[in-house]
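See below for the structure under consideration.
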Amino acid sequence: MNTNKKKELQEDYRNRINRVFTFIDKNLGNDLSLDKVAEIAYFSPFHFHRIFKLITGETLNEYVKRKRIEKSAADLLHKNISISEIAHHFGFSDASSYSKAFKKYFKESPTSFIKLNHLRHSKIRQVNSKNGQEYPNDEKYLCIINNLRQWMTMNAKIEIVELPKMNYAYVSCIGPQNLGNAFQQLIQWATPKGLMHDQVKMMTVYHDSFKITEPNKVRMSASILLQKDETVDGAIALSSFSPQKCIVGHFEINPNEFEKAWTGMFLWMNENGYKKAEQDPFEIYHNNFNEHPEGIAIVDFYIPIELT
């Protein structure tokens, strides 16, 4: 097989797996058996199993179990619903089977997890313990939060906006180490189409939370907003955001302050009585920080929220 043909085949496989990622995210409470998901990718179950593990580093079963548990953990911390409701929502037969699977992953029952992680604006203990980092006590945590509030007051302009439907093209990747390459692929596709002009808006969509998911397993989409219909091929895929109410934070910060900005955004959301919607959060960039004389990123952070 020549190089171009091999590249086309790899891009076609990745495009099919993109459809699978979207399907899984929307159906975590439904049947996600190998046979069912392989149909979405138009692969035989045997071939799909091999391709999926090659791209993600996990079997389909491992990936689905992890996604269900991690998404449920976020609901435990941020939504006022019962463990039974969460178990049902994520496809478990009952609270007992959910608790067993949860404890196997986090080494704590759902109830203990909530108590241990009441300091919900820090990374959860399960992740920190793996990294050998000290988990802050209540006093230290309150100090961190007060400092964060002050930093947000100085660096963020926050508002609530109603977004219209937004169409975008994207390249999906797993792990922040692969995001730069994903943007390169996207730009290579967009440039000959005349999409890389002064008014273009690039963005990153986050399908997992760094607070809960190990960084090398966080799935992201390097994206470009589209003003008209475009045809895509290979690793490039199309998606859209439905009309959505969002918290928007406007920042001019160093790239190493992005994590602090996101933490501050979710702190502001909770303290102002809003709840995150199902739609994924994202960043929209207004400059290339590499071209800024002081390396400053002009960026907006978006958290879709439930209607009240």
Side-chain angles (χ1 to χ4, degrees), residues 17 19-41 43-46 48-131 135 174-175 206-219 266 270 275-281 304 306:
I17 298 300
R19 290 200 299 270
V20 166
F21 287 145
T22 300
F23 180 78
I24 290 173
D25 285 347
K26 292 181 177 179
N27 291 276
L28 285 172
N30 300 321
D31 174 23
L32 291 172
S33 64
L34 179 61
D35 287 349
K36 176 69 175 179
V37 179
E39 286 181 14
I40 303 299
F43 283 126
S44 70
F46 174 77
F48 172 74
H49 174 79
R50 293 174 62 249
I51 296 299
F52 188 85
K53 186 166 185 181
L54 181 66
I55 290 176
T56 65
E58 298 175 278
T59 66
L60 175 66
N61 190 45
E62 289 168 341
Y63 181 86
V64 168
K65 280 184 175 179
R66 177 176 62 79
K67 291 286 284 190
R68 282 173 168 158
I69 294 297
E70 290 181 349
K71 292 293 185 183
S72 77
D75 282 2
L76 284 172
L77 294 181
H78 296 292
K79 293 187 177 181
N80 187 26
I81 54 179
S82 71
I83 291 174
S84 293
E85 289 176 294
I86 288 177
H88 177 73
H89 180 72
F90 288 100
F92 293 89
S93 57
D94 53 40
S96 177
S97 61
Y98 166 65
S99 295
K100 184 178 179 181
F102 190 96
K103 188 170 185 178
K104 184 176 181 180
Y105 187 79
F106 282 111
K107 313 304 180 190
E108 296 287 347
S109 70
T111 303
S112 297
F113 177 86
I114 295 169
K115 291 177 180 177
L116 281 170
N117 293 286
H118 66 290
L119 311 182
R120 58 185 176 178
H121 300 293
S122 293
K123 289 184 179 180
I124 63 170
R125 283 197 175 196
Q126 188 257 3
V127 173
N128 276 344
S129 64
K130 288 183 179 178
N131 297 335
Y135 194 76
I174 296 175
Y206 293 94
H207 307 288
D208 297 300
S209 169
F210 281 95
K211 177 181 172 182
I212 294 174
T213 303
E214 292 182 27
N216 66 345
K217 293 182 179 178
V218 170
R219 187 168 69 86
F266 279 98
N270 284 299
K275 292 184 179 180
K276 181 185 171 300
E278 292 296 321
Q279 188 167 291
D280 293 321
E306 293 180 357

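From a predicted model like this one, the values you see are computed outputs, not experimental measurements.
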For this session: Quick one: closest heavy-atom pair of Lys71 and Asp280, and the distance?
Result: NZ-OD1, 4.5 Å
Problem set entry | All pairs passing salt bridge (Lys or Arg N to Asp or Glu O under 4.0 Å) where residues 20-32 contributes a residue, at least two apart | Asp25-Lys67, Asp25-Arg219
For this session: Compare all side-chain heavy atoms of Thr59 with those of His49 and state whether any distance is below 4.5 angstrom.
Result: yes
Exercise. Quick one: side-chain contact (heavy atoms from CB on, under 4.5 Å) partners of Asn27, sequence neighbours excluded?
Worked result: Phe23, Asn30, Leu32
Exercise. Nearest heavy-atom pair of Lys107 and Lys104: which atoms, and what distance?
Worked result: NZ-O, 3.3 Å
Donor-acceptor list for residues 34-41 side chains, cut-off 3.5 Å, not counting sequence neighbours:
none

Problem set entry | Heavy-atom check, side chain of Lys276 versus side chain of Pro281, under 4.5 Å | yes
Problem set entry | Qualifying residues under side-chain hydrogen bond (donor to acceptor under 3.5 Å, both in side chains), relative to Gln279, sequence neighbours excluded | none
Seminar exercise, completed: Correct closest heavy-atom pair for Ser109 and Lys103 would be N-CG, 4.1 Å
For this session: Output the distance between atom CD1 (Ile17) and atom CD1 (Ile55), rounded to the nearest 0.5 Å.
Result: 4.5 Å
Seminar exercise, completed: Sorted by chain and residue number, the salt bridge (charged side-chain N to carboxylate O under 4.0 Å, His left out) partners of Glu70 (sequence neighbours excluded) come out as Arg66
Problem set entry | Rounded distance [0.5 Å steps], CD1 in Ile51 versus CG in Leu60 | 13.5 Å
Problem set entry | Sequence-distant partners of Ile69, side-chain contact (heavy atoms from CB on, under 4.5 Å), two or more places apart | Phe92, Tyr98, Ala101, Phe102, Tyr105, Phe106
For this session: Sequence neighbours left out, what passes side-chain contact (heavy atoms from CB on, under 4.5 Å) with Ser93? Give chain and number order.
Result: Ser97
Exercise. Is there side-chain contact between Pro110 and Ser99, with heavy atoms separated by less than 4.5 Å?
Worked result: yes
Problem set entry | From CD1 (Ile83) to CD1 (Ile114), nearest 0.5 Å | 5.0 Å
Exercise. Looking at residues at least two apart in the chain, or sitting in another chain, which of them share a side-chain contact (heavy atoms from CB on, under 4.5 Å) with Thr56?
Worked result: Phe21, Phe52, Glu58, Ile174
Exercise. Who pairs with Ser96 by side-chain hydrogen bond (donor to acceptor under 3.5 Å, both in side chains), at least two apart in sequence or on another chain?
Worked result: none
